Every structure is written in C-alpha cells, then in structure tokens.
Number of protein chains: 2
Amino acid sequence: MALKHAVLAALLGGEYSGYQLTKIFDVGVSNFWYAAPQQLYAELTRLEADGLITGREVVQKGRPNKRVFTVTEAGLGELTAFAAAPAKPLLIRDDLVVKVHAVDRLDPAPVIAQLRERAREAAAKLDLFRQILARLRGDLDEETFLREGEHVGPYLSCLAGCRLERETHDWCLQTARTLTERAARTEGRTP
Amino acid sequence: MALKHAVLAALLGGEYSGYQLTKIFDVGVSNFWYAAPQQLYAELTRLEADGLITGREVVQKGRPNKRVFTVTEAGLGELTAFAAAPAKPLLIRDDLVVKVHAVDRLDPAPVIAQLRERAREAAAKLDLFRQILARLRGDLDEETFLREGEHVGPYLSCLAGCRLERETHDWCLQTARTLTERAARTEGRTP
DNA sequence: CATTCCATGTAAGGAGTTACATGATTAA
DNA sequence: TTAATCATGTAACTCCTTACATGGAATG
C-alpha cells in the first residue's frame, strides 16, 4: 500500500478530517504525494478498520459534522516499520516533459503555452511553501530552527517541495524562452 | 493511457526494440517517466495493433533476433493531439520524503542512511545525464546548441532531469546532515 | 560452471483515476 | 439564486506493480 503511509505521516501533524486531508493532499503534501478525495476517504476507512488510526466525531454548528482522525500506537508502529524499510525509488511522471522531449517534431506553440502556465503554478506553490516554512519556524531563523526546533520533519519535507518548485519554475521559463526564440527564427525562414 | 505517449516520444529518437526501451525507461527517460519491462512489451504490442508504431524484425548473429519499432504517421498525429491537450499536473510520489516528514516521531537512523543512499544515486544519475547532454550537443556550447541545434527536445528534457537530480542530491545531504546533528545532540542528553 | 546480458513475455493483484452522487451552508 | 465551500462517499475502469517464466550467448 502506498497512500497509507503518506496519510499516517500527515496525521502526525494533528487531527484532521477526510475533507481537511483532501486540502492537504491536493497541494501534494508539500509536493511529496498527491491523492484524490475518494482515495482519502477510502484509505481512512481502511486505516481505521486496521486500527492504525482512530476517528472522533466533531459536532459543528452551521456546517456538517465531521470525523477527525489520530494515529494510534499501532499506526506509529506501522510508520516505524515503513521508515526502516528500503525506500522505493522516486516516482515521477510528467506529461509536460514528455511533450518537450517530442517538441522537435510537433507544433511548439501549445507546449510553450503549457510551460508558461506550469511556471505560474510553480511560482504560486513556491509562495505557498515559503509561507508554510515561515509559519513552521516561527521567529527563529532557518539555521537555528533546524538545529533546535522541535518538529523539523515537515519543515525538511517542505524544503524539498521548495527546491522542486523553484527548479520547475526556472526550467519551464528557460525552455519556453528557448522554444519561442527558435520558433521565431523558423518563421523568419519559411514564409 | 499514460505510458503510450512516453513510448511514442522515446521512439521519435530512433528505432528501438522492447529491450532497448527497457534500458531507456529504467533510467526514467531523463527522469520524466519510469516504466517496467513488462509494461513496455505490452504497450508496444498495443501501439502496433493500433497502428501508431510499426515493428521490423532485425536478424542478429550471436544473439537473439529483435523487433525494432518506428512511429507511424498516425502515431505522430496522436503525439500532436497529446501535445495540444492540457498537461496533467506533475505527478510525484516519494517514499523518502514521507519518511522525512514523519521523522520527528521515528528513529532517524534508517532515514539518514536512505538519504545518503539516495544522494549517491542522484549523483550517479546527474553524471549520466551530463554525459548524455555532452553527446547531444556535440562540439557546440550549450547556448549555441539551444539556438541552432537540430533536435533540442531531448536536450531540454534532459536538462529537467539534471535539475531534479542536482536538487535531490543537495536536499538529501542537507537533510541527512541536519538529522545527524540533531541525533548527536539528543544522544548527548539522554544517557 | 556461474553469472550477467540480451530478448520477450504471462498472470494476478493492488493502486490510482474518472465519473457520478448527495446534501447542507455561506458568501456574492 | 447562483456559486463556492464543507463533507462524504460508490462504482467502474484503467493503469501499474509484483511475481513468475523461458532460453540462448557471452563473460569471467
């Protein structure tokens, strides 16, 4: 199982409902994992049935009640075993890079548009991640926080997200610029 | 279908057999897609049945014969449609970052070991990608090649791979160092 | 003689995606 | 009153992963 450990890891950060988790996993949990809402609800049901998490009903006024979940001792044990097991290689699959790979034989215009769009998204995510980092480290500077702060796990994983988004952003813009310039030169020749 | 377009894109680079593709996809085609051998053989069968690629038997001496594949006109059409369609968001799933995220409540030792191992792998891939880039650009420098070279697609996608591996490498080492130092400080306190 | 490389698959099962469904509340 | 947000799912399908299978040639 794959989502399992990502959910457990996310729930270490506090009690969350299925809906709250969908928000967290929608951004990709600091970009290390993505999951659709239906997946999460199904996974929470399974994890609770397996005793790795426990749910608690929270009554709300003005909006539907919700169930929030916490990791149990058994869940923590599962995470420990998971952390000790050899890591699977990073899994990355990206449509856009496939398109760039093939761009020599294709119309570059839509690819360029998508690169620009992706760059915007990456910039937005980077912004978001930086806010999360600032909130996590409070009034300490990064170095001090990493040395003395209490919970560095989420901070470190978010740093990974920052790096990825920054590089994505830069690569997209560089690639878009390269393709744009080449397209301009080709146009100049063909008419 | 997902693999489909990655295979078509890879086959634009020339004629390859299933086996050769497994080698290419094993590295992740410059890190943008990974696929297992069985997936590839199945996908090639399907693509040929759909007329998007054509196979050709190559008789070899001293080793088993093989079938190599080329993209057809229909295949190129499929790729064009794919390139014009909106890109799906980058899909990234990484065990190791999940472990780091949860590391505050876990034994950091195995996580640190895995971070170092991942750093080594990333360095190796980075090396490989740099060789590929050098081969692709020939005796031109990068700027000139990107401006005037003939096939920049594979070069640009490989650049994406380089960025990813470089960041992975640096992040792994920085994270391993942070966790190591914190572990040392905790040890100093608990005995 | 054992291992690695070349070459190609089948079969079963687990994971993820897409499409659809429901219903209340709050903000524009 | 229309849309967005909160809240939770089911069902069908596609895709991917894991395990297993085969067999010759080259390398050490």
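Because the structure is predicted, anything quoted here is derived from the model rather than measured. Atoms considered below: every heavy atom in the structure, side chains included; atoms not considered: hydrogens, waters and symmetry mates. Labels below follow one simple rule: chain letters A, B, ... track the order of the sequence lines, proteins then strands, and each chain is numbered from 1.
Nearest-nucleotide positions on DNA chain C place B:P37 closer to the 5' end than the other of B:P37 and A:Q39.
At the phosphate of D:dC6, neither OP1 nor OP2 sits under 4.0 Å from any side-chain N or O atom of A:Q60. Of the side-chain N and O atoms in A:Y19, none sit less than 4.0 angstrom from OP1 or OP2 of D:dT8.
Nearest nucleotide to the side chain of B:A2, out of C:dT8, D:dC16, D:dG9: D:dC16. Side chain of B:R93, nearest nucleotide from D:dC15, C:dA15, C:dT17: C:dT17. Residue A:W33 has its side chain nearest to C:dG16 when only C:dG16, D:dT18, C:dT18 are considered.
Under 3.5 Å, the side chain of A:Q38 and the base of C:dT17 form no donor-acceptor pair of N or O atoms.
Atoms CG (A:L40) and P (D:dT10) sit 14 Å apart, rounded to a whole Å. Rounded to whole Å, the distance from CG on A:D50 to P on C:dG14 is 13 Å. Here the P atom of nucleotide C:dT17 and the OH atom of A:Y34 are 6 Å apart, to the nearest Å. Taking atom NZ of residue A:K23 and atom C1' of nucleotide D:dA4, one finds them 10 Å apart after rounding to whole Å. Atom CD in B:E48 sits about 15 Å away from atom C1' in C:dG9, given to the nearest Å. When rounded to the nearest whole Å, the span between NZ of B:K4 and C1' of C:dT17 equals 16 Å. Atoms OH (B:Y41) and P (C:dA7) sit 8 Å apart, rounded to a whole Å. Rounded to an integer number of Å, the gap from CG of A:L3 to C1' of C:dG14 is 12 Å.
Using a cutoff of 4.0 Å between basic side-chain nitrogens and carboxylate oxygens, B:R67 and B:E48 are scored as salt-bridged. The pair A:R118-A:D94 counts as a salt bridge, with a side-chain nitrogen and a carboxylate oxygen less than 4.0 angstrom apart. Salt-bridge annotation for B:D141 and B:R147: absent, with no side-chain N of the basic residue lying under 4.0 Å from a carboxylate O of the acidic one. For A:E15 and A:R56, the salt-bridge test passes: some basic side-chain N is under 4.0 Å from an acidic carboxylate O.
The residue B:L91 sits close only to the backbone: its heavy atoms come under 4.0 Å of sugar-phosphate atoms, none of a base.
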| Nucleotide-resolved protein contact map, nucleotides 22-28 of chain D, B/S/- at heavy-atom distance under 4.0 Å | -B-SS--
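Considering every non-hydrogen atom in both A:C172 and A:L115, the closest pair reads CB-O, 3.4 Å. Between A:T178 and B:L146 the shortest heavy-atom distance is CG2-O, 3.7 Å.
The aromatic rings of B:Y155 and B:F145 sit tilted, their planes meeting at an angle between 30° and 60°.
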